[in-house]
Amino acid sequence: MTTTQTGKPMNQNLKTFIAIFCFIWGVVGVVLCVVNLAQEPAATGNAVLFGALAMMGFVGGWLLTRKPRY
């Protein structure tokens, strides 16, 4: 069970909602990255920024959905 800093267990529905939000954030970031790279000339700086934000979303979602290790 995941606990907050106060030691109280985190609501599982809230945890799932935040994880889904992070995965959607990651997908949107990847799409924006590809769109920026497809421009002529390519907006590489924006693409790298959106790619990094997408990875943060995917990692955050993954961390929220993995099983706790005891």
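Only heavy atoms go into these numbers, but all of them, side chains included; no hydrogens, no water, no symmetry mates. The chain is numbered in sequence order, starting from 1.
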So which residues get pulled into Trp62's cluster when ILVMFWY side chains under 4.5 Å apart are joined, directly or through others?
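Noted: Trp62 shares its cluster with Val59, Leu63.
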
Single-linkage hydrophobic cluster [X]~[Y], side-chain heavy atoms < 4.5 angstrom:
X: Met55; Y: Leu32; answer: no
X: Ile20; Y: Phe58; answer: no
X: Val27; Y: Phe23; answer: yes
X: Phe50; Y: Ile24; answer: yes
X: Val28; Y: Val34; answer: no

List the residues meeting side chain to side chain contact (heavy atoms under 4.5 Å, CB included) with Ala52, not counting sequence neighbours, and say none if there are none.
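Listed in chain order: nothing, the list is empty.
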
Please say which of Asn13, Leu64, Thr65 ends up in a side chain to side chain contact (heavy atoms under 4.5 Å, CB included) with Ile18.
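Answer to the side chain to side chain contact (heavy atoms under 4.5 Å, CB included) test with Ile18 among Asn13, Leu64, Thr65: Leu64.
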
I need the minimum non-hydrogen distance between Cys33 and Gly51, along with the two atoms involved.
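Heavy atoms only, the tightest pair is CB-N, 4.0 Å.
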
For residues Gly61 and Cys22, report the shortest heavy-atom separation together with the two atoms involved.
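Result for this residue pair: N-CB, 3.5 Å.
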
Which value, rounded to the nearest 0.5 Å, describes the distance between Phe21 atom CZ and Thr16 atom OG1?
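Answer for the CZ-OG1 pair, Phe21 versus Thr16, is 15.0 Å.
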
